[in-house]
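Below is one structure; the comments refer to it alone.
Remember, predicted model here, so these are calculated numbers, not experimental data.
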Amino acid sequence: MAREGLRRWPEGDTAWKFRLVWAEDLINLGEVKEARALLETRGSPSDASLQARRTMDRAKVTSSSEPEKASKLIRDALQAALASRDSDVICMVRLRLSQLVPTFSEAELYGRAALADAEHERDPFLLTWARMDLGFNRARFSRFDEAIPLLDAAREGARQCGAKSILAMALGNLGWCYLMLGDIDRAQDAFTRAEALSGQIGAKDTQQRWLGALGNIYMVRGDLDRAASYQQRAAALARDIGNDAWLAIAFTNLAQISLEKGNLTAAQSFNSQALDIKRRLGNEWSLVYSELMAAEIETKARQYERAESGYRTVIERAPRAPAPDVLWQAYGGLAALYQETGRPKLAEAQYRHAIDTIDREWGRLKSDDWKTTFLAPGYLIGFFQDYVDFLIDRGQTEKALEVAESSRARVLNQRLEHRGAVPPNFQLSKLLSAARESHTVILSYWLTPERSSVWVIGSGRLSRFDLPPEKEIAGLVRKYTEIVTQG
């Protein structure tokens, strides 16, 4: 319809109305090059509202390739929108601007103003977009539990008003929040529905994001071949639509998969491509993930000095990104490096920094449900397992038990006395006394993929014994269960 309208009225503001509708449809479909060509047509609309929309759309098509230019354009668009006094356009520009500003306070300011505009206009589409935007910005600044109610509201609003593009974005961003909060099953379901809907409506730009997100799910589940397939599809689609920012993210993920498969050459190649793009774009949040990957690759290659320097760079930059998950991973990587190179005191300090970072993020969560899932994924439990193994290897039997018990308490007990503390009811001296007075033996089991342990508290002393790996124990339990149940 827009194309036909432009053919019939090729000049003046009427032409620009059709041209902008056409360009905005192309943007939603991920056809950025075609949209840019329309927006760069010689001349300019005379109407201030149309001028604001054109500038806003130009910012959108340059946001992934020229973020600084996009930031200037969207601020110019806001001035034009305010001059036009067109409430709908003012609202839309504020929503776009909130996604580009570098701080949460600015994003919240523009997002809340846009929500007020939408409420004043009583426009269900704008209301839904504004709620989705407020949720997205919370997720962008690692406030995932706060984002979920807003994204849920946006999802319901999108269903009611038939806004399929916003529905796909709301589902995908919910998946992101679930993933970061440790609810892998719900994340996979949300990403699957977001990817399918994006493909159905032809929204290539959002589809490639959710393909990559599904690849991340399979990485977490340990299905590296399937993860690589999804990341390659995401990379191909991002390249096809010219979205360099997300192409670089796919390259980072492919580097991680290659590293986990033991292919250092492929990991270095993918990560170098990612670093080149991210440094060109100046995306500090995305860049720290690739810098962390570079340090991990150097560690695997036994280039310890370069790896140490890389981890320290990430530790300095991650808080500004902000990327708390990268920060604790960098501390953990540096701890493992120091452990491997025979510097146990330095390793101990980095393990503690990592746990403090995890506890800080855990403590920010307001819901006990999210506190439970946050530490459930294997990659987080694996960190505590590494720390416990480190303490065991150093002969720190009592401290290893304390860390094991406190990690369990983070998942099972929501009433810690203070952040990062061993639970108040875990006092070894009291347990020793209780075991002695009751003439009982207390056992504490710690099952891990490589080496399991049992601590024995009794007769006034603490002892620890090695047990088989978790999988072997599970097999024995399964056989015993079958004997008991089947007779």
**Message:** Determine whether the aromatic ring centres of residues Phe144 and Trp176 are separated by less than 6.0 angstrom.
**Reply:** yes
**Request:** Decide yes or no for Pro469 and Thr448: does some side-chain heavy atom of the first lie under 4.5 Å from some side-chain heavy atom of the second?
**Result:** no
**Asked** Do you see a donor-acceptor pair shorter than 3.5 Å between the side chains of Asn137 and Gln99?
**Response** no
**Item:** Contact check, side chains of Pro449 and Glu470, non-hydrogen atoms, under 4.5 Å
**Value:** yes
**Prompt:** Charged N to carboxylate O below 4.0 Å: is that the case for Arg96 and Asp133?
**Reply:** no
**Request:** Would you name the heavy atoms of Ala147 and Gly135 that are closest together and state the gap between them?
**Result:** CB-O, 3.2 Å
**Request:** Establish, yes or no, whether a centroid distance under 6.0 Å links the rings of Tyr351 and Tyr331.
**Result:** no
**Asked** Is the shortest side-chain N to carboxylate O distance from Asp152 to Arg155 below 4.0 Å?
**Response** yes
**Asked** Side chains of Lys204 and Ser198: is there a donor and an acceptor less than 3.5 Å apart?
**Response** no
**Close side-chain approach of Phe104 and Arg138, heavy atoms under 4.5 Å** = yes
**Note, Leu264 side chain near Ile297 side chain (heavy atom, < 4.5 Å)** = yes
**Message:** With rounding to the nearest 0.5 angstrom, report the CG to CD distance, Leu211 to Gln207.
**Reply:** 5.0 Å
**Distance-minimising heavy-atom pair for Ala307 and Ala295** = CB-O, 3.6 Å
**Request:** Drop me the distance from Thr55's OG1 to Leu73's CG, to the nearest 0.5 angstrom.
**Result:** 6.5 Å
**Request:** Write down the atom of Gly111, the atom of Ser98, and the distance for their closest heavy-atom approach.
**Result:** N-CB, 3.9 Å
**Request:** Determine yes or no for a side-chain-to-main-chain donor-acceptor pair under 3.5 angstrom, with Gln329 supplying the side chain and Asp325 the backbone.
**Result:** yes
**Prompt:** According to the interplanar angle, ranging from 0 to 90°, do the rings of Trp285 and Tyr289 count as parallel (below 30°), tilted (30 to 60°) or perpendicular (above 60°)?
**Reply:** perpendicular
**Fill in**
Here the gap from Ile249 atom CD1 to Gln231 atom CD, rounded to the nearest 0.5 Å, amounts to 10.0 Å
**Request:** Decide yes or no for Glu24 and Lys60: does some side-chain heavy atom of the first lie under 4.5 Å from some side-chain heavy atom of the second?
**Result:** no
**Request:** Answer yes or no on whether Arg233 is positioned over the face of Tyr230, meaning its NZ or CZ is under 6.0 Å from the six-membered ring centre and within 45° of the axis.
**Result:** yes
**Stepwise side-chain contact (heavy atoms from CB on, under 4.5 Å) check, Leu126 with Asp117** = CA-CA 9 Å; Leu126 289 177; Asp117 293 334; over 6 Å; no
**Asked** Is a salt bridge present between Asp185 and Arg221, judged by a nitrogen-to-oxygen distance below 4.0 Å?
**Response** yes
**Message:** Is it true that Thr62 and Lys69 share a donor-acceptor pair across their side chains at a distance under 3.5 Å?
**Reply:** no
**Fill in**
Result for side-chain contact (heavy atoms from CB on, under 4.5 Å) between Leu38 and one of Leu26, Ile27, Leu20 points to Leu26
**Prompt:** Quick one: does NZ or CZ of Arg186 land under 6.0 Å from the six-membered ring centre of Tyr178, within 45 degrees of the ring axis?
**Reply:** yes
**Item:** Thr357 side, atom OG1; Trp328 side, atom CH2 - distance, nearest 0.5 Å
**Value:** 10.0 Å
**Item:** Residue pair Tyr311 / Thr299, side-chain donor-acceptor N/O under 3.5 Å
**Value:** yes
**Asked** Would a distance-only check, ignoring hydrogens and angles, find a side-chain to backbone donor-acceptor pair under 3.5 Å from Arg36 to Val61?
**Response** yes
**Prompt:** Within the side chain of Gln208, is there an N or O that forms a donor-acceptor pair under 3.5 Å with the backbone of Asp205?
**Reply:** yes
**Request:** Keeping the roles fixed (side chain from Asn271, backbone from Ser290), state whether a donor-acceptor pair exists under 3.5 Å.
**Result:** yes
**Prompt:** For the residue pair Leu174 and Ala190, what are the closest heavy atoms and their distance?
**Reply:** C-CB, 4.5 Å
**Message:** Quick one, Arg75 and Leu100 - any side-chain contact, counting heavy atoms below 4.5 Å?
**Reply:** no
**Asked** Under the side-chain contact (heavy atoms from CB on, under 4.5 Å) criterion, do Leu447 and Ser452 qualify, and how do the steps go?
**Response** CA-CA 4 Å; Leu447 306 184; Ser452 299; 3.8 Å; yes
**Prompt:** Does Ser269 reach the main-chain N or O of Thr265 with its side chain, forming a donor-acceptor pair under 3.5 Å?
**Reply:** no
**Asked** Using a distance-only test with no angle check, is there a side-chain donor-acceptor pair under 3.5 angstrom linking Ser105 and Glu108?
**Response** no
**Request:** Determine whether Leu275 and Phe251 make a side-chain contact, defined as any pair of heavy atoms from C-beta on separated by less than 4.5 Å.
**Result:** no
**Fill in**
Closest heavy-atom pair, Trp210 versus Met169, reported as atoms and distance to 0.1 Å, is CZ2-SD, 4.0 Å
**Request:** With side-chain contact (heavy atoms from CB on, under 4.5 Å) as the test, would you mind laying out the steps for Lys278 and Thr252 before giving the verdict?
**Result:** CA-CA 10 Å; Lys278 292 178 181 182; Thr252 303; 2.8 Å; yes
**Asked** Just by modelled atom types, is the Asp225 backbone N or O under 3.5 Å from a matching donor or acceptor in the Ser229 side chain?
**Response** no
**Request:** Check Cys91 against Ala114 and note the closest heavy-atom contact, atom names and distance.
**Result:** SG-O, 3.3 Å
**Item:** Arg193 with Asp189: basic N within carboxylate O range, under 4.0 Å
**Value:** yes
**Prompt:** Checking salt bridge (charged side-chain N to carboxylate O under 4.0 Å, His left out) for the pair Glu284/Arg317: CA distance, chi angles, key distance, verdict?
**Reply:** CA-CA 8 Å; Glu284 190 167 352; Arg317 293 181 179 176; 5.6 Å; no
**Fill in**
d(Ser453 OG, Asp389 CG) to nearest 0.5 Å is 7.0 Å
**Message:** When you compare the side chain of Asn216 with that of Gln188, does any pair of heavy atoms fall below 4.5 Å?
**Reply:** no
**Prompt:** Is there a side-chain contact (heavy atoms from CB on, under 4.5 Å) between Val93 and Val89 once you walk through the steps?
**Reply:** CA-CA 6 Å; Val93 174; Val89 175; 4.1 Å; yes
**Request:** Check for a donor-acceptor pair, side chain of Arg131 on one end and backbone N or O of Leu151 on the other, with a separation under 3.5 Å.
**Result:** no
**Asked** Which distance, rounded to the nearest 0.5 Å, do you find between the SG of Cys177 and the CD of Glu146?
**Response** 10.5 Å
**Asked** Between Arg53 and Asp57, is there a salt bridge with N-O shorter than 4.0 Å?
**Response** no
